[in-house]
Amino acid sequence: LPLCRLSELFFPHTTQQEDGESQHVIVLLVGNRRLGVLVDRLLGQQDIVIKPLGHSLAGVRGIAGATDLGDQKLVLVIDAAALLDELLTAHGARLAAGGQA
Amino acid sequence: MSTPEEAIVPVRKPAEEPAEDAVREYLAFELGHEWYALPLSCVREIVRVPAVTEVPRSPESILGIVSVRGAVTTVIDLRVKLRVFAGEINARSRILIVDGNGEVMGVLVDSVSQVYRLREQEVELASVLGSGAPPYLVGIGRPGAVAEVSATPRERSQSAGDMLLLLDPIALLKV
C-alpha cells in the first residue's frame, strides 16, 4: 500500500512533527487504486454538504471544497480522486513538480 | 469588463451640494498604521473575524476561508499585496466583504474607521502620481474642509484625516 503523509504534501515548508505512537492511516479507495494517508488524529464521522471554494482557489489541487460543521469553523474536504491521481500517476507527478510554486 | 472608474459607483448628490460637484463615498480602514479606503458601493458587509481555515497550496496572498452567512468566502491577506506589516488579529480587526471581480471575497483589516464623502477636488488620481503607482491604487483622498458623514470629533482624531490611499477593489482582489 503506497503511503502519503498529508502534512508533508500540504505543508511542505513547515517542520514535521515526530511520528507519535498513535498515528492513523486512512485508506482511500478510488476504482481499483488504493492510497494510505497518514494523519495525526481522527476526529469523527459525519454526513456533510460540500461547498465549493471560490474562483480564487480554483487552482488548488487536492481540495474538493469545504464544509461548515456548525461551529463556524470551516473544514476542508479532500478530493480523494485528485489525490490518488497526483500521487499514483506519472501525469500527477508532473503536475506536482510543475505546480508547486 | 468594467473599468476601475466604472466600479466606483455611488455619485449621490446631497441636496445642498452644487450640482457639478461629484461626491463619492469611501469606507476608510486601517492596515499597518496606514489609512486606506474602498468605494463604499463595493463593500457588502463588515464582519468580525471568525475562525479562519488555512487552505494549503493556496497563493500567498490568500489568508484562508471563512463562513459568512453560510457562504464559503475567501479572505485576502492585504499585508502581502500591499507589503505592509499589520497588527495581530484583535478585537478591532474586521473582515470587509467586498464585491470584486465576479467573486465576493473577504479582506482582513486592522480596524474600520468611517465613511468619507470625497469631492472630486479632494481626490488626487494615481495617474497624476506617476507611472510608479501600483495598479490597485486609484488615488489619494484628502478629506479636508468637506464635512464627513458620521464623524464625531473623537473619530476624526483617531483617523489619519489628512490622507487616504484609495483602492480599486477589482485590482485589489486579483489573486
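Protein chains get the first letters and strands the later ones, always in sequence-line order, with residue 1 at the start of each.
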- Query: Going by the salt bridge (charged side-chain N to carboxylate O under 4.0 Å, His left out) test, which pairs reach into residues 47-60 of chain A, not counting sequence neighbours?
  - Reply: none
- Would B/E54 and A/K73 pass as an ion pair if we require N to O under 4.0 Å? no
- Query: Looking at A/L76, A/I63, A/T67, A/V75, which makes the most heavy-atom pairs under 4.5 Å with chain B?
  - Reply: A/L76
- Message: Is there a continuous path of hydrophobic side-chain contacts, each under 4.5 Å between heavy atoms, that joins B/M105 to B/L78?
- Response: yes
- Okay, B/I65 and chain A: the region with an atom under 4.5 Å from a heavy atom over there is both
- Message: Quick check: is A/L87 connected to A/V30 through a chain of hydrophobic side chains (ILVMFWY, heavy atoms under 4.5 Å apart)?
- Response: yes
- Message: Quick check for you: to the nearest 0.5 Å, what is the distance between A/L57 atom CG and B/S58 atom OG?
- Response: 6.0 Å
- Query: Can you say whether B/V52 sits under 4.5 Å from chain A via the side chain, the backbone, both, or neither, judging by heavy atoms?
  - Reply: backbone
- Item | Part of A/L74 within contact of chain B (heavy atom distance under 4.5 Å) | both
- Counting N and O atoms only, with roles assigned by atom type, does the side chain of B/R57 sit under 3.5 Å from a partner on the main chain of A/R61, one being a donor and the other an acceptor? yes
- Message: When you compare the side chain of B/P56 with that of A/L9, does any pair of heavy atoms fall below 4.5 Å?
- Response: no
- Task: Enter the distance from B/I76:CD1 to A/S56:OG here, rounded to the nearest 0.5 Å.
- Result: 6.0 Å
- Message: Between A/L35 and A/L6, is there shared hydrophobic-cluster membership here, with clusters defined by ILVMFWY side-chain heavy atoms closer than 4.5 Å?
- Response: yes
- Query: When clusters are formed by joining ILVMFWY residues with side-chain heavy atoms under 4.5 Å apart, either directly or through shared neighbours, do B/V80 and B/L31 land in the same one?
  - Reply: no
- Query: Take atom CZ in A/R34; do more than 12 heavy atoms of anything else shown fall under 6.0 Å from it?
  - Reply: no
- Message: If you define the side chain from C-beta out and look only at heavy atoms, does anything of B/V72 sit under 4.5 Å from A/L53?
- Response: yes
- Item | Same apolar cluster: B/L82 and B/I95, side chain cutoff 4.5 Å | no
